[in-house]
Undergrad: 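Structure in structure tokens, see below.
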Amino acid sequence: MTEPDEIFETHRRYLTAVAYRMLGSHADAEDAVQEAWIRASGTAAEADDPRAWLTKTVSRICLDQLRARGRRQENPLDLLPDVERAPADADPTVRAESADRVGYALMLVLDQLTPDERLAYVLHDVFGLSFDEVAPIVERTPPAARKLASRARDRVRGAAPRDADQAATRAQRRAVVDAFLAAARDGDFAGLLAVLHPDVEFHLDQGADGIRIVRGAEKVAASAAAFHRYATGYDFEIVELVDGFAVVAIDDGVPVSLLSFTSEGERITVMETRELR
């Protein structure tokens, strides 16, 4: 019989990749895998399929963490640059390595899914588990697990507008973000006022000091007018989320902050910053 330590080490990289895709944090992923090993010690070796047994154990731990995180409004997210995914028929270890480096645009979208949707999507679409394997992990029937993954897939592709009205809305949202960025980078106060709703709210993540909320177009424009100074130190990338767009600030290849936008028509109604490191 294969030693438990040997079994665990064989699958550690794969399990860590699964946990990272679920939790969005390398530290949390490593903790989840370690907890799975504590639970699995002596048991995984007796399973007919140790990798499947360990996958289920790690996934359940991650699911519990995501549900608890949602109740506490926690949202850790370690983000990495985009890379090409491994093909679906690749060796599980190769798929795990590739999945561990899927880009931050996808991670931001995954972060907006429900825990069950996220798990079903990650296990099936990223790691290739069948819905018969996914179903007991999310405590659903295989058809229900398929529906979870399908809903998640639609939101991940959220992405592709299905009709002319959706395409127009998407283009309008992007145009508003572009106009804001142009005005903010130039310190154009009037230009900022033109794209901000009179009752706009700006939620600024201040780390340990919590969230500061600035309300009203003039106050928000005054805050955002300094954006051109902030922008000179970083690269930026605009990413599409489920319900709009966001700007990721990147310092030497590492994402450091996120500025997301909610808009109605041609005006921004809410902006939110989030520190990513």
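Heavy-atom basis, side chains included; hydrogens, waters and symmetry copies ignored. Because the structure is a prediction, the values reported are computed rather than measured.
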Undergrad: Looking at R60 and E35, does any basic side-chain N land under 4.0 Å from a carboxylate oxygen?
TA: no

Undergrad: So, R151 side chain and R146 main chain: donor-acceptor pair closer than 3.5 Å or not?
TA: no

Undergrad: Under 4.5 Å between side-chain heavy atoms, hopping through other hydrophobics if needed: is there a path connecting L63 to L123?
TA: yes

Undergrad: What heavy-atom pair brings C62 and A32 nearest, and what distance separates the two atoms?
TA: SG-CB, 4.1 Å

Undergrad: What's the verdict on side-chain contact (heavy atoms from CB on, under 4.5 Å) for H124 and R153, showing C-alpha distance, side-chain angles and the deciding distance?
TA: CA-CA 10 Å; H124 180 267; R153 195 176 303 117; 3.9 Å; yes

Undergrad: Taking all heavy atoms of P136 and all of K56, pick out the closest pair and write down the distance.
TA: CB-NZ, 4.2 Å

Undergrad: On a heavy-atom basis, which atom in R267 and which in A194 lie closest, and how many Å separate them?
TA: NE-O, 3.0 Å

Undergrad: With side chains defined as the heavy atoms from C-beta onward, is the minimum distance between F131 and L148 less than 4.5 Å?
TA: no

Undergrad: Distance check, rounded to the nearest 0.5 Å: R174 atom CZ versus F245 atom CZ?
TA: 6.0 Å

Undergrad: Restricting to non-hydrogen atoms, name the atom on A183 and the atom on L192 that form the minimum distance, rounded to 0.1 Å.
TA: CB-N, 3.7 Å

Undergrad: So, taking the atom named OG1 in T141 and the one named NZ in K147, what distance separates them when rounded to the nearest 0.5 Å?
TA: 8.5 Å

Undergrad: For the side chain of E133 and the backbone of S130, is there at least one donor-acceptor N/O pair under 3.5 Å apart?
TA: yes

Undergrad: Both conditions, 6.0 Å and 45 degrees, for the charged tip of R21 above the ring of F127: are they met here?
TA: no

Undergrad: Kindly say whether T262 contributes a backbone atom to a donor-acceptor pair with the side chain of T269 at under 3.5 angstrom?
TA: yes

Undergrad: Using the side-chain contact (heavy atoms from CB on, under 4.5 Å) rule, take D116 and R67 through it: C-alpha gap first, then chi angles, then the decisive distance, then the call.
TA: CA-CA 9 Å; D116 290 32; R67 288 169 175 168; 2.8 Å; yes

Undergrad: Would you kindly confirm whether L113 and V138 end up in one hydrophobic cluster when ILVMFWY residues are joined by side chain heavy atoms under 4.5 Å apart?
TA: yes

Undergrad: Does one hydrophobic cluster hold both V270 and V176, with members joined at side-chain heavy-atom distances below 4.5 Å?
TA: no

Undergrad: Is there a donor-acceptor pair closer than 3.5 Å between any side-chain N or O of S59 and the backbone N or O of T55?
TA: yes

Undergrad: Which value, rounded to the nearest 0.5 Å, describes the distance between R12 atom CZ and Q34 atom CD?
TA: 6.0 Å

Undergrad: Say you draw a straight line from CG of L119 to CZ of R140; how long is it, rounded to the nearest 0.5 Å?
TA: 10.0 Å

Undergrad: From L66 CG over to I61 CD1, what is the distance, rounded to the nearest 0.5 angstrom?
TA: 12.0 Å

Undergrad: For the residue pair R173 and S263, what are the closest heavy atoms and their distance?
TA: CG-OG, 3.5 Å

Undergrad: Working to the nearest 0.5 Å, report the span between CD of E218 and CZ of F189.
TA: 5.0 Å

Undergrad: List the atom of L196, the atom of A217, and the distance in Å for their closest heavy-atom pair.
TA: CD1-O, 3.7 Å

Undergrad: Please report the C-alpha distance between V247 and F261 in whole Å, then the side-chain angles of each, then the deciding distance to 0.1 Å, and finally whether the side-chain contact (heavy atoms from CB on, under 4.5 Å) criterion is met.
TA: CA-CA 9 Å; V247 178; F261 300 84; 3.8 Å; yes

